[in-house]
Amino acid sequence: MKLALIGGGNIGRFLLQSINIDCLIPNAKIIGLHTRCQEQAKELSREFEAEIFEDVESLLKSDADLVIEAATVEAVEEYAASILLSGKDLVVSSVGALADREFYKCLEEICILNNTKIHLPSGAIGGLDVLKAAKSIGELDSVSIITRKPPQALPGAPLDGEKVLFEGSAAEAIRLFPKNINVSIILSLAGLGAENTGVKIISDPAARKNSHTIEAAGSFGKLSLQVENDPMPNNPKTSYLAALSILASLKNRDEMIRVG
Ligand SMILES: NC(=O)C1=CN([C@@H]2O[C@H](COP(=O)(O)OP(=O)(O)OC[C@H]3O[C@@H](n4cnc5c(N)ncnc54)[C@H](OP(=O)(O)O)[C@@H]3O)[C@@H](O)[C@H]2O)C=CC1
Ligand SMILES: O=C([O-])CC(=O)C(=O)O
């Protein structure tokens, strides 16, 4: 499988190392990457033997089968449609982009017409299987997430003392924190939608982990799940599990017997 990558930050570098050097996905290679900073692109290209795509047009013309986005919500908004139209599948890290129903429907139509797929990894949380099963006959009543992170991982957070930075819907949360609360949107997509998923974001100077507590209730019973994420070694903002979940998505793609 030939892969192309958009974004050369924490997750991008981790994927280059895991796929091109550690060979963790059988028969897969990241053949090229596009990222905003050319210096960074050159360094990654040298280190991981991947081509540089100076723009997305050259990435689209490449023979990659699948594109992994590890950049920003804006990058998904800008490039997703043309990637799918070019016949390539897409793995999205910045799932917040899909909070917009119109955008979601537009991408879904492109996928149907072009026989392409979008893969949305579970990111830094879990429990999506429970929500999907629970709502399959429409009896999921409530879903919420409380995210607690150190202030260094959240924009505008005070360094002294715990503070609730946000309380409201996932739709509003991702508008205000597009780099920090993608988890609420994958949760919404598995469950009740972005308008009906409750979010609380807490900045906590005592926190050493990025923790996400999910509560859900419905006719199935109740779900209560806490994920205590270790951050990636070089970036307190990103949970390690988010990067691992992209590898898991790539592996799922080829599995003949799928769990969950
Ligand atoms: N679903 C989930 O649970 C999680 C999702 N995420 C999301 O995943 C994404 C990647 O995370 P992470 O690797 O930690 O982020 P980083 O900020 O470390 O890296 C992002 C990279 O993308 C590049 N970039 C930004 N905009 C563009 C663009 N338009 N075209 C090409 N490259 C671009 C950046 O370049 P530059 O350095 O020049 O800005 C940078 O190299 C983020 O959107 C993050 O919010 C993260 C954690 C969990
Ligand atoms: O990494 C995390 O814990 C979650 C995160 O940033 C996001 O959802 O955008």
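Because only heavy atoms are used, hydrogens play no part in the values below, and waters and symmetry mates are left out as well, while side chains stay in. Note that the numbering runs from 1 along the sequence shown for the chain. Indexing begins at 1, ligand by ligand and atom by atom, following the structure's order.
- Taking a cut-off of under 4.0 Å to the non-hydrogen atoms of Ser93, the atoms of ligand 1 that pass are 1 (N), 5 (C), 7 (C), 8 (O).
- Heavy atoms of Lys149 found under 4.0 angstrom from ligand 2 belong exclusively to the side chain.
- Proximity of atom 3 (O) of ligand 1 to the protein is indicated by at least one non-hydrogen atom lying closer than 4.0 angstrom.
- Less than 4.0 angstrom separates some heavy atom of His212 from each of these atoms of ligand 2: 2 (C), 3 (O), 4 (C).
- Heavy atoms of Phe14 stay at 4.0 angstrom or farther from ligand 1.
- In this model, no donor atom of one side chain and acceptor atom of the other lie less than 3.5 Å apart for Thr116 and Asp89.
- The closest donor-acceptor contact from the side chain of Thr35 to the backbone of Gly8 lies under 3.5 Å.
- Contact atoms of ligand 2 toward Lys237: 1 (O), 6 (O) (distance under 4.0 Å to a heavy atom of the residue).
- Of all the heavy atoms of Gln40, the ones lying under 4.0 Å from any atom of ligand 1 belong exclusively to the side chain.
- Ion pairing of Glu39 with Lys42 is present here, as a side-chain N (NZ or NE/NH1/NH2) and a carboxylate O approach within less than 4.0 Å.
- When heavy-atom distances to ligand 2 are checked against a 4.0 Å cut-off, Thr147 has no atom that comes that close, whether in backbone or side chain.
- Classification of Glu228 and Arg208 as a salt-bridged pair fails, no side-chain N sitting under 4.0 Å from a carboxylate O.
- The pair Lys2-Asp65 does not meet the salt-bridge criterion, since no charged nitrogen lies less than 4.0 angstrom from a carboxylate oxygen.
- Results of the side chain to side chain contact (heavy atoms under 4.5 Å, CB included) test with Leu90 over Val67, Leu107, Ile68 single out Val67 as the only residue that passes.
- Ser94 and Glu69 form a side-chain donor-acceptor contact under 3.5 Å, judged by distance and modelled atom types alone.
- Set against the non-hydrogen atoms of Lys179, the atoms of ligand 2 under 4.0 Å away are 6 (O), 9 (O).
- Considering backbone and side-chain N/O atoms, Gly9 comes within less than 3.5 Å of an N/O atom of ligand 1.
- Considering backbone and side-chain atoms alike, Gly8 places an N or O below 3.5 Å from some N or O of ligand 1.
- Checked by distance only, ligand 1 and Ala71 come closer than 3.5 Å through their nitrogen or oxygen atoms.
- Of all atoms in ligand 1, numbered sequentially from 1 with element shown, those under 4.0 Å from a heavy atom of Ser94 are 8 (O), 9 (C), 42 (C), 43 (O).
- The N/O atoms of Glu69, backbone and side chain alike, include none that comes under 3.5 Å of an N/O atom in ligand 1.
- Distances shorter than 4.0 angstrom do not occur between any heavy atom of Met232 and any atom of ligand 1.
- Annotation: Val73 places no N or O atom under 3.5 Å from an N or O atom of ligand 1; distance criterion only.
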* Kindly determine whether Arg13 and Glu43 satisfy salt bridge (charged side-chain N to carboxylate O under 4.0 Å, His left out), including the steps that lead there. => CA-CA 11 Å; Arg13 172 174 273 280; Glu43 187 196 312; 3.0 Å; yes
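- Distance alone, capped at 3.5 Å, is enough to place a donor-acceptor pair between the Lys135 side chain and the Gly191 backbone.
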Determine, step by step, whether Arg148 and Glu162 satisfy the salt bridge (charged side-chain N to carboxylate O under 4.0 Å, His left out) criterion, reporting the C-alpha distance in whole Å, the side-chain angles of both residues, the deciding distance to 0.1 Å, and the verdict. CA-CA 10 Å; Arg148 180 180 291 269; Glu162 186 174 313; 3.2 Å; yes
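- Checked for salt-bridge contact, Glu215 and Lys222 miss the test: no charged N lies under 4.0 Å from a carboxylate O.
- The N/O atoms of Arg36, backbone and side chain alike, include one that comes under 3.5 Å of an N/O atom in ligand 1.
- Close N/O approach between Thr35 and ligand 1 is found [any backbone or side-chain N/O within under 3.5 Å].
- Under the 4.0 Å distance rule, the nearest protein heavy atom to atom 15 (O) of ligand 1 falls outside the cut-off.
- Here Lys149 does not pair with Asp204 in a salt bridge; the nearest charged N to carboxylate O distance is not below 4.0 Å.
- Electrostatic pairing of Arg258 and Glu255 does not count as a salt bridge here, judged by no charged N lying under 4.0 Å from a carboxylate O.
- Here atom 1 (O) of ligand 2 lies nearest to Ser239 when heavy atoms of Gly123, Pro231, Ser239 are compared.
- For Ile6, every heavy-atom contact with ligand 1 shorter than 4.0 Å involves the side chain, none the backbone.
- On a distance-only criterion, Lys179 and ligand 1 share at least one N/O pair closer than 3.5 Å.
- In terms of N/O distances under 3.5 Å, ligand 1 is not approached by Val95.
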